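Model, not experiment: these values are computed from the prediction. The figures that follow rest on heavy atoms only: side chains count, while hydrogens, waters and symmetry mates do not.
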Amino acid sequence: MSKPVYTTALEAEAAFYDALARSDLEAMLQVWSEDDEVVCIHPDGARLVGLRAVHEAWRQLFSGGARLTVSVSQRVATGNSLLATHNVIEHVAVAGDDRLPPPMVATNVYASGPHGWKMIMHHASPAPEMQHVGMHDGPRIVH
């Protein structure tokens, strides 16, 4: 089976969240860069550096095979032809659970290379109370 080539950072991001929703380890690993300088930080988790650590974390996370519901909103994107940074609000819950999941703030970084766009960093953290975070559609400043 040939590996997918993501022609934009948005395609890579869609594949990332699709793999997350399906708890599909193979699909998840195909989104990530094969360079060893990748970094992943799960909510309230340690900083994982390198392919082995990142792959193992996703393997453990998906080992139960749970199907998830995932929604992403309020994307703030910046970048150029080589690097893209997306900051999003995530809602991730176990499928069938009707409770509203607490929001996460995630930053995803993608690099363009000979094999298309690949994720090089994912950092998700619990969001503060959302009514105080600027849920309006006005200008956003990234510092």
Side-chain angles (χ1 to χ4, degrees), residues 1-95 97 100-143:
M1 183 172 105
S2 65
K3 293 185 178 186
V5 175
Y6 307 112
T7 59
T8 67
L10 282 174
E11 280 183 12
E13 188 156 86
F16 172 79
Y17 285 109
D18 178 64
L20 178 61
R22 294 182 295 113
S23 294
D24 184 333
L25 182 61
E26 273 306 306
M28 177 60 72
L29 300 184
Q30 290 180 1
V31 172
W32 283 85
S33 171
E34 294 179 6
D35 293 332
D36 203 41
E37 290 78 27
V38 295
V39 176
C40 185
I41 304 169
H42 293 292
D44 294 327
R47 182 177 74 156
L48 306 169
V49 178
L51 286 173
R52 181 174 290 155
V54 170
H55 289 188
E56 179 59 18
W58 287 112
R59 188 193 65 72
Q60 287 178 14
L61 188 69
F62 293 162
S63 65
R67 297 282 290 193
L68 304 172
T69 58
V70 180
S71 65
V72 177
S73 63
Q74 300 182 38
R75 181 179 291 112
V76 177
T78 186
N80 56 43
S81 62
L82 298 175
L83 193 67
T85 302
H86 297 175
N87 184 267
V88 299
I89 303 298
E90 298 176 341
H91 288 277
V92 179
V94 175
D97 186 344
L100 181 64
M104 298 287 156
V105 177
T107 300
N108 302 316
V109 181
Y110 305 91
S112 178
H115 304 291
W117 286 87
K118 297 288 187 171
M119 180 173 271
I120 59 172
M121 180 181 286
H122 171 72
H123 181 183
S125 300
E129 286 189 43
M130 293 309 291
Q131 65 262 29
H132 303 297
V133 178
M135 301 232 350
H136 56 80
D137 289 328
R140 295 176 178 96
I141 298 172
V142 179
H143 61 86

For [X] against [Y], the heavy-atom pair lying closest together:
{"X": "A124", "Y": "E90", "answer": "CB-OE1, 4.0 Å"}
{"X": "I41", "Y": "G45", "answer": "CG2-O, 3.6 Å"}
{"X": "N108", "Y": "Y17", "answer": "ND2-OH, 3.1 Å"}
{"X": "A111", "Y": "I120", "answer": "CB-CG2, 3.9 Å"}
{"X": "L48", "Y": "H42", "answer": "CD1-CD2, 4.2 Å"}
{"X": "A19", "Y": "F62", "answer": "O-CZ, 3.9 Å"}

(message) Please check this pair: side chain of K118 against backbone of A12, looking for a donor-acceptor N/O pair closer than 3.5 Å.
(response) no

Spacing of [X] atom [atom1] and [Y] atom [atom2] [to the nearest 0.5 Å]:
{"X": "C40", "Y": "R47", "atom1": "SG", "atom2": "CZ", "answer": "12.0 Å"}
{"X": "L51", "Y": "E56", "atom1": "CG", "atom2": "CD", "answer": "13.0 Å"}
{"X": "L29", "Y": "M119", "atom1": "CG", "atom2": "CE", "answer": "12.0 Å"}
{"X": "W117", "Y": "S33", "atom1": "CH2", "atom2": "OG", "answer": "12.0 Å"}
{"X": "L25", "Y": "Q60", "atom1": "CG", "atom2": "CD", "answer": "11.0 Å"}
{"X": "E13", "Y": "R75", "atom1": "CD", "atom2": "CZ", "answer": "4.5 Å"}

(request) Measure the shortest side-chain to side-chain distance between V94 and L68 over non-hydrogen atoms and say whether it is less than 4.5 angstrom. (result) yes

(message) Any heavy-atom pair between the side chains of H122 and V54 that's under 4.5 Å?
(response) no

(request) Hey, can you tell me if H86 and Y110 have their rings parallel, tilted or perpendicular (30° and 60° cut-offs)? (result) tilted

(request) Using the six-membered ring wherever Trp is involved, compare the ring planes of W32 and F16 and label them parallel, tilted or perpendicular (cut-offs 30° and 60°). (result) perpendicular

